[in-house]
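All chains are named by letter (A, B, ...) in the order of the sequence lines, taking the proteins before the strands, and each is independently numbered beginning at 1.
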There are 2 protein chains.
Amino acid sequence: MTAPETRSATPADLLPKRPRGRPRKTEGERDDGNRRQDLLAAAARLFRHQGFDATSTRDIAAAVGMHSGSPFYHFKSKSALLFAVVQEGMHAAMARQAQALQPPGLTDPPSAQMRRLIRAHFDTLLGPGNDFIPVMLYESRALTAAQRSALAQLQDDYEAAWTPVLQALHASGELQAPVKVSRLLILGALNWAVQWYDRQKGLSLDELTDAAMALFFARKR
Amino acid sequence: MTAPETRSATPADLLPKRPRGRPRKTEGERDDGNRRQDLLAAAARLFRHQGFDATSTRDIAAAVGMHSGSPFYHFKSKSALLFAVVQEGMHAAMARQAQALQPPGLTDPPSAQMRRLIRAHFDTLLGPGNDFIPVMLYESRALTAAQRSALAQLQDDYEAAWTPVLQALHASGELQAPVKVSRLLILGALNWAVQWYDRQKGLSLDELTDAAMALFFARKR
DNA sequence: CCTACCGATCGGTAGG
DNA sequence: CCTACCGATCGGTAGG
């Protein structure tokens with residue numbers, strides 16, 4: 001087995017070499033929160049592909065055409081930037097989940113509700129440009145303890161929505177394993193898709209959702 | 001929401017403050033490969049709990065009572081150390097898997113084979129002191145491209161063993177989703193357990209295996 | 001495997 | 001948000 005010398009190259013297109021200078025700003029206009037949003041999106045992309053520790057605040061600054069010290073005008077620390085990324089990801093995820101469970105659908109059979117929960121989760125995980133939640137799943141260790149416990153609260157809320165649906169499926173015999181451990185195993189199966197799902201080729205998100213439903217839940221007799 | 005200042009403290013017991021001096025070495029005795037093994041075990045533990053980038057080679061040296069430059073006498077680079085950890089993890093995993101599939105069991109029904117595959121996988125993931133595979137699952141991004149492709153070969157071999165068993169379960173109707181995506185989803189569900197499983201409280205590995213079997217596979221009619 | 005060290009990089013800041 | 005900078009830390013090495 002060979003032992004190569006160089007760490008796999010950072011995709012060059014992720015990192016513009018130099019700041020692009022001041023962003024265009026027409027007279028009297030303010031940038032409002034746009035620069036902050038730019039930083040968040042760039043940080044999410046870089047944290048996802050290189051990891052939190054392997055991404056410098058200089059990388060992030062360069063990605064949005066700022067100089068090295070400027071991100072600290074918008075965020076008081078690198079870890080605060082990470083927390084903002086993760087927070088934004090969870091808020092989007094919960095909005096998407098709420099849409100999946102909107103009143104009209106609440107009278108559907110449990111399996112239809114579950115299908116919509118899973119489909120929404122795949123959107124959140126695998127939808128185009130959704131780097132925020134993958135960062136949350138794989139980089140949260142770099143958060144401070146207090147940030148992590150704030151995040152855990154959001155995650156608990158998100159996961160709690162699955163329990164009544166799983167209970168109904170268990171009662172009908174469509175779910176044959178205990179509800180609590182099923183929730184953990186199912187969410188794990190879905191979350192892991194971040195590691196292997198390729199939007200370009202293979203399954204669509206609808207097909208992936210069908211496969212997950214067929215794997216976890218028995219057809220009703 | 002508060003924005004705390006300090007990154008969550010590294011558990012103090014993971015990091016002895018100073019080298020403990022030369023390891024005891026009785027007259028005429030050699031350490032053979034023990035020091036190398038010590039480094040591997042310490043690196044696995046630290047990489048797992050702090051991440052690769054957040055662990056310095058000085059941390060690893062101190063954990064085994066060496067001075068800062070000494071790990072480079074055993075490994076030519078930090079990334080070579082990571083690769084050795086990951087390689088050792090995969091070799092142990094494949095040995096454990098081979099045991100689960102030994103000849104006497106090959107005449108068992110597919111569901112019994114699957115149960116042993118899953119149980120072996122949980123041993124590999126969650127058994128006491130098994131930090132090597134969790135490191136592989138969450139830190140492989142830091143490998144060089146060549147190291148990563150060598151690893152991918154090992155992983156393919158490991159996962160290939162699941163396919164015939166899943167095919168048999170599909171043929172018998174116990175597995176209702178397509179084989180390929182089922183393998184990906186199932187392994188994801190199991191791998192994610194690294195994130196939440198707590199050996200101290202709750203389920204045993206046998207109970208966890210039962211739950212997984214009940215979740216994924218229908219009772220045979 | 002230790003000693004002593006180097007060049008590079010990093011998060012963060014003062015002052016504007 | 002830029003300029004100019006600091007102290008700390010890091011992977012790695014030469015020479016023994």
Side-chain angles (χ1 to χ4, degrees), chain A residues 3-7 10 15 17-25 29-40 42-43 46-47 50-84 142-144, chain B residues 3-7 10 15 17-25 29-40 42-43 46-47 50-84 142-144:
Chain A
E5 273 81 23
T6 51
R7 182 157 175 178
T10 296
L15 288 177
K17 291 298 182 296
R18 293 154 207 211
R20 284 176 265 147
R22 302 218 164 162
R24 60 290 158 283
K25 192 197 291 189
E29 241 181 43
R30 287 271 205 85
D31 274 335
D32 297 304
N34 289 358
R35 297 306 281 155
R36 190 186 146 98
Q37 274 302 318
D38 291 346
L39 280 169
L40 278 180
L46 291 166
F47 288 163
Q50 310 183 353
F52 176 80
D53 286 308
T55 301
S56 69
T57 55
R58 283 163 171 81
D59 290 342
I60 298 165
V64 301
M66 286 180 184
H67 286 257
S68 70
S70 303
F72 297 96
Y73 172 77
H74 297 274
F75 298 92
K76 75 171 196 193
S77 69
K78 190 186 176 187
S79 130
L81 220 181
L82 173 61
F83 186 62
L143 294 172
T144 68
Chain B
E5 273 82 23
T6 51
R7 183 159 174 175
T10 295
L15 289 178
K17 291 297 183 294
R18 292 157 207 210
R20 283 173 266 148
R22 302 222 167 160
R24 60 290 159 281
K25 192 199 294 193
E29 244 181 43
R30 286 271 207 80
D31 275 334
D32 296 306
N34 289 359
R35 297 305 281 155
R36 191 187 146 98
Q37 274 302 319
D38 291 346
L39 280 169
L40 278 180
L46 291 165
F47 288 163
Q50 310 182 353
F52 175 80
D53 286 308
T55 301
S56 70
T57 55
R58 283 163 171 81
D59 290 342
I60 298 165
V64 301
M66 286 181 185
H67 287 259
S68 71
S70 302
F72 296 96
Y73 171 77
H74 297 274
F75 298 92
K76 74 169 197 195
S77 70
K78 189 186 178 188
S79 129
L81 219 180
L82 173 61
F83 185 62
L143 294 172
T144 69

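Taking the side chain as every heavy atom from C-beta outward, M66(B) and D38(B) never approach each other to under 4.5 Å. Contact check for L40(A) versus F75(A): side-chain heavy atoms found under the 4.5 Å cut-off.
Secondary structure note: stems in DNA chain C built from 3 or more consecutive Watson-Crick or G-U wobble pairs under 3.5 Å occupy C:1-16 with D:1-16.
F72(A) pairs by the side chain to side chain contact (heavy atoms under 4.5 Å, CB included) definition with T57(A), not counting sequence neighbours.
Atoms CD (Q50(A)) and P (dC10(C)) sit 10 Å apart, rounded to a whole Å. Between the CG atom of N34(A) and the C1' atom of dC1(D) there is a distance of 15 Å, rounded to whole Å. Residue M66(B) contributes atom CE, which lies 19 Å from atom P of dA4(C) at whole-angstrom precision. Going from atom CG of D53(B) over to atom C1' of dC10(C) covers 12 Å, rounded to whole Å. Between H67(A) atom NE2 and dC5(D) atom P the separation is 16 Å, expressed in whole Å.
When distances run from any side-chain atom of S56(A) to the nucleotides dC1(D), dC10(C), dC1(C), the shortest one goes to dC10(C).
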Tabulate protein N/O versus nucleotide N/O from nucleotides 12-16 of chain C, keeping only pairs under 3.5 Å, one per line.
from: dG12(C); atom 1: OP2; to: K78(A); atom 2: N; distance (Å): 2.7

Point to revise | Derivation of the side-chain contact (heavy atoms from CB on, under 4.5 Å) call for F47(B) and I60(B) | key: CA-CA 9 Å; F47(B) 288 163; I60(B) 298 165; 3.8 Å; yes
